[in-house]
Amino acid sequence: MYNGESGGTDGTGGTSRAPGASRAPGASRTSGASGPLRVACVVGGSAGADCGPPAVARWLDGLAGERGDVALSVLDLADYDIPARYPEHPTGPMHSFTAELASAEGFVVVTPECNRSFPAELKLAIDVCYDEWHAKPVGFVSYGFGCDGVHAVEALRSVFTELHTVTVRDSVGIDLRFTDEKFPAGGSLYTDGLVRAAGALLDQLTWWGLALREARAARPYVA
């Protein structure tokens, strides 16, 4: 996590470390070697006033709940007052957000596409953390008007590569061009194809999440 102190940075908002340097306890290890994979679903911004990205997260949460091998929690950035400029010391909401990420064993990022990329508030939230992302899998659910958010996802893949994550191959893209049904809790927007895509994403996320859980327990990850 960014700490507001002077010193070297890695360019992502976190403090750079030499190989083998110590890190905050629990940043790369997770407690508990069994049970469902703990996944944080980060809801990252909105492409317009009529968009309801939390509804997409709730839809995904419902699919995850049917599986039994994933425990998904939704982290809506609207609930975290992350300052636009880094303060001298981390704020309470910054601590809360990073604590949620540190306890997670995998992530799903829900994002709109904005000008062929993802929202600035999502980048700000990503950069608040560093160690908390390491050696964990990340999946993506994107949406857009006249597009399915593929450019946002490709931009995010580069960002998360720098943060030492594993991004899963399959993503979910929702094209809103042909519907006036903006993010309903259920219904025609979530087609069978989208449900299958979400299943593939969760399958891959779970495989990598459980494999990396075992790997971190056997050997702490050092970046």
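All figures in this text were calculated on a predicted structure; none of them were measured in a lab.
- Follow the hydrophobic side-chain contacts under 4.5 Å out from Ile82 and you reach Val42 in the same cluster.
- For the pair Asp170 and Val168, the minimum side-chain heavy-atom distance is 4.5 Å or more.
- Note: the hydrophobic cluster containing Val150 does not contain Val109 (ILVMFWY, side chain heavy atoms under 4.5 Å, direct or indirect links).
- Atom NE2 of residue His89 and atom NE2 of residue His95 lie 10.0 Å apart, to the nearest 0.5 angstrom.
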### Task
With side chain to side chain contact (heavy atoms under 4.5 Å, CB included) as the test, would you mind laying out the steps for Trp133 and Ile126 before giving the verdict?
CA-CA 9 Å; Trp133 299 112; Ile126 291 170; 4.2 Å; yes

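- Of the inter-residue distances, the one linking Leu202 atom CG with Asp69 atom CG reads 8.0 Å to the nearest 0.5 angstrom.
- A distance-only check finds no donor-acceptor pair linking the side chain of Asn115 to the backbone of Ser117 [under 3.5 Å].
- Taking CD of Gln204 as the reference point, atom OG of Ser171 lies at 9.5 Å (rounded to 0.5 Å).
- Between atom NE2 of residue His134 and atom SG of residue Cys129 there is a gap of 10.5 Å, rounded to the nearest 0.5 Å.
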### Trace of the side chain to side chain contact (heavy atoms under 4.5 Å, CB included) decision for Phe107 with Thr167
CA-CA 9 Å; Phe107 308 99; Thr167 60; over 6 Å; no

### Query
Where do Val159 and Phe118 land on the side chain to side chain contact (heavy atoms under 4.5 Å, CB included) test, with the steps shown first?
CA-CA 11 Å; Val159 171; Phe118 56 93; 4.0 Å; yes

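- Between Arg67 and Asp203, at least one side-chain N (NZ, or NE/NH1/NH2) sits under 4.0 Å from a carboxylate O, which counts as a salt bridge.
- Using a 4.5 Å heavy-atom threshold, the side chains of Trp207 and Leu37 count as separate.
- Between the CG atom of Asp131 and the NE2 atom of His164 there is a distance of 9.5 Å, given to the nearest 0.5 Å.
- Nearest heavy-atom pair, Leu194 versus Gly173, reported as atom, atom and distance to 0.1 Å: CD2-O, 3.3 Å.
- Heavy-atom minimum distance, Leu201 versus Val141: CD1-CG2, 4.3 Å.
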### Query
Yes or no on side chain to side chain contact (heavy atoms under 4.5 Å, CB included) for Leu122 and Leu156, after CA distance, side-chain angles and deciding distance?
CA-CA 10 Å; Leu122 177 56; Leu156 282 166; 4.2 Å; yes

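- Looking at heavy atoms from C-beta onward, Leu101 lies in side-chain contact with Leu75 at the 4.5 angstrom threshold.
- In this structure, the side chain of Glu66 does not engage the main chain of Ala64 through any donor-acceptor pair within 3.5 Å.
- Ring geometry for Phe160 versus Phe140: interplanar angle of 30 to 60°, hence tilted.
- For the pair Cys147 and Arg116, the minimum side-chain heavy-atom distance is 4.5 Å or more.
- Minimum interatomic distance between Ala135 and Arg216 (heavy atoms only, all atoms of both residues): O-NH1, 2.8 Å.
- Annotation for Ala71 and Pro36: closest pair N-CB, 3.9 Å, computed over non-hydrogen atoms.
- Taking 4.5 Å as the limit, some side-chain heavy atom of Thr91 sits within range of a side-chain heavy atom of Pro83.
- Closest heavy-atom contact between Ala104 and Lys136: O-NZ, 2.8 Å.
- Glu105 places a side-chain N or O within 3.5 Å of a backbone atom of Arg38 that can act as its donor or acceptor partner.
- A 4.5 Å side-chain heavy-atom check between Asp81 and Phe97 finds every atom pair outside the cut-off.
- Looking only at side-chain heavy atoms (C-beta outward), Leu124 and Leu77 stay at 4.5 Å or farther from each other.
- If you take CG on Asp175 and CZ on Phe145, they are separated by 10.0 Å, rounding to the nearest 0.5 Å.
- Arg157 has its side chain within reach of Glu154: a pair of non-hydrogen atoms, C-beta onward, lies under 4.5 Å apart.
- Residues Ala152 and Thr111 come closest through the heavy atom pair CB-CG2, 4.3 Å.
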